[in-house]
Structures are given as C-alpha cells and as structure tokens.
*Asks:* 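I have a structure I would like to understand better, so I am pasting it below and will then ask my questions one at a time.
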Number of protein chains: 2
Amino acid sequence: MEVDKILKSGQLKITPQRQAILRVLSTSDSFINAQMLFTRVLEILPGTNFSTVYRNLDTLVSKGILCRIPRDNGGDLYKIRREEGHHHHVICKGCGATIIIEFCPMEAIREKLEGLGFTPTDHRFEIYGYCDKCREGRQDKNI
Amino acid sequence: MEVDKILKSGQLKITPQRQAILRVLSTSDSFINAQMLFTRVLEILPGTNFSTVYRNLDTLVSKGILCRIPRDNGGDLYKIRREEGHHHHVICKGCGATIIIEFCPMEAIREKLEGLGFTPTDHRFEIYGYCDKCREGRQDKNI
DNA sequence: CTAATTGCAAATTGTTTGCAGTTTA
DNA sequence: TAAACTGCAAACAATTTGCAATTAG
C-alpha cells in the first residue's frame, strides 16, 4: 500500500518524517532495529531527529501498522505489517529476511490452558534460523 | 537441586553472591527482572554489587541454569530452569507465575520450513495471560 | 598459587521527556 | 486555527566495562 494511504488509514497526519520512516520500512520485508532505521531515514530526510523516529515507531506499532518484536539483547526490531490477520514470523538471523506463516500454535492448546485455569491474552511465537542463501555463506555449515 | 550443586554442575565457583542469586531464584517459579532480583539479593547478601548480578545472570544463562526471556519494554526476565529438556512457558501477567508446557509448536512445522529452504536453529514460544487468581482481582474481567 | 570472581566508578547504550516552535488537516 | 507533530537538549534507566583487589579451588 502507498505510504500516505497507510498513514491515513491510521488517522495519522502525513509528515515528511513519517513518510521517510515508512518508505524505509516498506522497501523490505526484514526486521530492523531503531538505530538502523534512523540511519536510513537520515539518508532520505536529513535532519530528522532520533526522538521523532522513536515516537513514531511507538505510534505506528500502536496503530498496528508495524510489527515489533523484542530481542534478547534489548533493542526491539520493527517491520511493516503487510498481511492482514493473525500470523507469525520466520526470521533469518543472517539477513533478517522474514517469512510469514499462518500457522498459530495457540489453537492447539487454548483448550488445554483453560482447563488449567489460565486465560491467555497474548502470545509470542517466532522462529529463527538461516535461509539457504545465508546458510551457504557461513563458516559452520552445520548450524 | 541444591544451590551449590547447581553451580558445580555448571563448573562455576561457589561464591556467596552466586549462592544468593540462586537462592532468590530457586524460591520461586516466577520470572523476575534483574532489578527485582538485585533487590532481593541485597536482602540476603548486603553489599552485593549490581554488576556482579548482571555478570552472573549472563553466566548462568549461558550455562543453561537460567531461562531468559526478553520483554516488550526491554528488561529481560529470568527464572531458574527446573525441568530438563525442551519446554515452553505460560506466564501470568499479574503475578509472574509460570506454568511449564511440554507442547512445542516446532514439531508441527519443521518439515514445512525445510521445504521452504529455511533451516530453523531456535524459536520462541510463550503464552501470556492471567491465572484465575489474578483475573479475579482485575477491574476488567473481560480481558 | 593462579585463574576466576568481585566491587567500584565511570562509561555506554538505548530510549524518553518537556517545551517552544512548526506544520498539518 | 487548533491539535498534532517536530527538533532540541537534557534526562533517564538499564546495562556494561576496565581495573585493581580479593577469593575459591
């Protein structure tokens, strides 16, 4: 979808900064972190401030326009949410490329959880590994 | 398992600080963050330094003695790994209590991923929600 | 004895905030 | 024009690091 349309769909004002952020994010299906995003935004809109980027990441996530996943070290990763509905990600640790999967493990165990007296509200499911391309480039082929 | 035995099993030296850290963690099945852990460690071993706690959390995770999960806001959570083998967690957002589940979604899709030319190396699967007790205490019962 | 570990203090990293000026709808 | 948004600079929280002193095996 067009960047401006995305912003309108979220009832957000169209600003050059937001356009830049979404332009960067919409050119790839990979997750990137805020720092990297900031660097790329600067290339197409010099002078943009880091706080603006952070504020907008929060805003865009809260509008459901972006996916955010927390990483082990801290430093969340962001990616534009292209597909509708619930889904999960397969993420290449080499290049960051992602594959969307429809499969959701919750269906398989929701019932069991309720039997345990637990009410699930949300969940996290991500798969990490290497795509063929990145795996070939690694020293240790036996990952 | 006894705290000292755990340390030995990880080929780690037994220090009062490590004992304190493990004593805190072994008294509960909940995930807690580094700050909270530090506070509790201070109670049983005053003077312990924060950097020591951080260093040991890293060490203990790398030895497989602790589980670490990243949170949305940053600030990872830690918990002693009691059960052997592969498992996942159900985590109460109210009290932090956890339930271990044996079910692993990877089995269901590993084959499919390989068909896509993707080699999975690790994955994350956690379920968040509320246990009966915590749910009752909430304003909004319809979570 | 010696390699591992600790405390300390300072540095770093990543992110957030208040506010005044600017821009969008 | 009113509310939303931005840049700036400063604050912040959480974590990490170098190093000298201490301690466990």
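Remember, predicted model here, so these are calculated numbers, not experimental data. Computed from heavy atoms alone, side chains included, the values below leave out hydrogens, waters and symmetry copies. Chain letters run A, B, ... following the sequence lines, proteins first, then strands; residues in each count from 1.
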*Asks:* In whole angstrom, give the distance that lies between atom CD of Gln19(B) and atom P of dT6(C).
*Replies:* 11 Å
*Asks:* Taking 4.0 angstrom as the limit, do Arg81(B) and Glu83(B) come out as a salt bridge?
*Replies:* no
*Asks:* Can a donor-acceptor pair be found between the side chains of Asp4(A) and Gln19(A) at a distance below 3.5 Å?
*Replies:* yes
*Asks:* Please report, rounded to the nearest Å, how far the C1' atom of dT13(C) is from the CG atom of Asp76(A).
*Replies:* 14 Å
*Asks:* Whole-Å distance between dA14(D) P and Arg55(B) CZ?
*Replies:* 19 Å
*Asks:* Should Leu66(B) and Ile44(B) be counted in the same cluster of Ile, Leu, Val, Met, Phe, Trp and Tyr side chains packed under 4.5 Å apart?
*Replies:* yes
*Asks:* To the nearest Å, give me how far apart CG (Leu7(B)) and P (dT23(D)) are.
*Replies:* 18 Å
*Asks:* So does Lys112(B) pair up with Glu114(B), basic N to acidic O under 4.0 Å?
*Replies:* no
*Asks:* Taking the ring centre of each residue, are His89(B) and Phe31(B) less than 6.0 Å apart?
*Replies:* yes
*Asks:* Please report the distance, rounded to the nearest Å, between CZ in Phe50(A) and P in dA11(D).
*Replies:* 20 Å
*Asks:* Whole angstroms only, please: what is the CG-C1' distance between Leu57(B) and dT6(C)?
*Replies:* 15 Å
*Asks:* Given dG7(D), dT6(C), dA24(D), which nucleotide is nearest the side-chain atoms of Thr48(A)?
*Replies:* dG7(D)
*Asks:* Please name the pair of heavy atoms, one in Cys131(A) and one in Cys92(A), separated by the smallest distance, quoted to 0.1 Å.
*Replies:* N-SG, 3.4 Å
*Asks:* I need the CG-C1' distance between Asp4(B) and dG25(D), as an integer number of Å.
*Replies:* 13 Å
*Asks:* With no hydrogens and no angle check, do the side chains of Ser30(A) and Lys79(A) hold a donor and an acceptor under 3.5 Å apart?
*Replies:* no
*Asks:* Between residues 31-46 of chain A and DNA chain D, which residues have a heavy-atom gap below 4.0 Å?
*Replies:* none
*Asks:* Rounding to an integer number of Å, can you tell me how far Asn49(B) CG sits from dT16(D) C1'?
*Replies:* 12 Å
*Asks:* Quick one: is Asn56(B) getting a side-chain N or O under 4.0 Å of the dT6(C) phosphate, OP1 or OP2?
*Replies:* yes
*Asks:* Is it the case that dC8(C) (base atoms only) and Ser51(B) (side chain only) share a donor and an acceptor within less than 3.5 Å, ignoring hydrogens and angles?
*Replies:* yes
*Asks:* Would you tabulate the pairs of protein nitrogen or oxygen atoms and nucleotide nitrogen or oxygen atoms of nucleotides 1-4 of chain D closer than 3.5 angstrom?
*Replies:*
unit_1, atom_1, unit_2, atom_2, d
dA4(D), O4', Lys13(A), NZ, 3.2

*Asks:* Quick one: list whatever passes salt bridge (charged side-chain N to carboxylate O under 4.0 Å, His left out) with Arg55(A), sequence neighbours left out.
*Replies:* none
*Asks:* Is it the case that His123(B) and His88(A) place a side-chain donor and acceptor less than 3.5 Å from each other?
*Replies:* no
*Asks:* Determine: side-chain N/O of Thr15(B) to OP1/OP2 of dT5(C), distance under 4.0 Å, yes or no.
*Replies:* no
*Asks:* Can you tell me which nucleotide in dG7(C), dA25(C), dA24(D) comes closest to the side chain of Ile14(A)?
*Replies:* dA25(C)
